[in-house]
S.K.: 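Below is the structure I would like to discuss, written out as structure tokens.
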Amino acid sequence: MPVFSPSVETLITELSKMPGIGRKSAQRIAFHLLKISKVEALSLATAIENVRERVSLCSVCFNITESDPCPICKDENRDQTVLCIVERPSDVMAVEKTGRFKGRFHVLGGAFAPLQGIGPDELRIDELLARLDGQVKEIILATNPNTEGEATATFLAKLMQPLGLTVTRLAQGLPIGSDLDLADEVTLTRAIEGRVEIK
Ligand SMILES: [Zn+2]
């Protein structure tokens with residue numbers, strides 16, 4: 001039998017589906033939401049609703065956006081010769097926060113994970129190849145510094161080197177086995193600036 005009233009129980013169940021939120025944390029958040037004013041609680045609900053209604057993926061780079069193409073793809077001042085390949089939209093934000101990268105992005109939608117059935121066909125690799133129209137000269141492989149990210153980077157390097165592109169990988173120094181978006185800005189800036197060509 002549920003311990004809490006049905007609506008509180010539903011809220012706890014929904015919250016515990018969030019990444020990194022166990023049942024205990026979900027309970028804490030649920031009780032916090034019961035304590036705050038109705039206006040505050042509804043403003044959170046509206047924020048969630050708006051994000052679902054308004055945000056979609058950019059048809060060019062697959063970053064999350066409220067306008068298509070996204071502001072980065074639309075920005076004429078950004079360097080069209082450099083393309084930074086990342087796994088997730090949160091990685092775009094991490095690189096953008098460093099303020100040091102002025103090129104454009106391509107979001108793969110993940111990395112190779114054979115056990116979960118994620119291979120080249122599940123990532124946006126065809127879409128990436130379609131973007132290589134002669135303007136792009138350098139590809140920065142900014143997949144995560146873990147096994148899946150490295151395997152994906154190696155695959156992409158082999159695919160793109162024959163096309164005559166300069167293929168670079170973020171410099172060492174990022175916490176190994178971690179996610180790009182968890183790296184601090186200084187470390188990520190150094191990794192971008194010290195990127196090394198894969199030959
Ligand atoms: Zn875009």
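Note that these values count all heavy atoms, side chains included, but never hydrogens, waters or copies made by symmetry. All values derive from a computational prediction rather than experimental measurement. Each ligand, and each atom within it, is numbered from 1 in the order the structure gives. Start at 1 with the first residue, then count along the sequence.
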S.K.: Would you find a donor on one side and an acceptor on the other, under 3.5 Å apart, between the side chain of Arg195 and the backbone of Ile192?
M.R.: yes
S.K.: Any carboxylate oxygen within less than 4.0 angstrom of a Lys/Arg side-chain nitrogen, looking at Arg169 and Glu197?
M.R.: no
S.K.: Please list, in chain and residue-number order, the protein N/O/S atoms closer than 2.8 Å to the Zn ion (ligand 1).
M.R.: Cys58 SG, Cys61 SG, Cys70 SG, Cys73 SG
S.K.: So does Arg88 pair up with Glu148, basic N to acidic O under 4.0 Å?
M.R.: no
S.K.: Around atom NZ of Lys74, are there more than 12 heavy atoms of other residues, nucleotides or ligands at under 6.0 Å?
M.R.: yes
S.K.: Would you mind checking if Glu14 and Arg23 are paired as a salt bridge, meaning a charged N to carboxylate O distance below 4.0 Å?
M.R.: no
S.K.: A side-chain contact here means heavy atoms from C-beta on lying under 4.5 Å apart; do Val60 and Arg131 qualify?
M.R.: yes
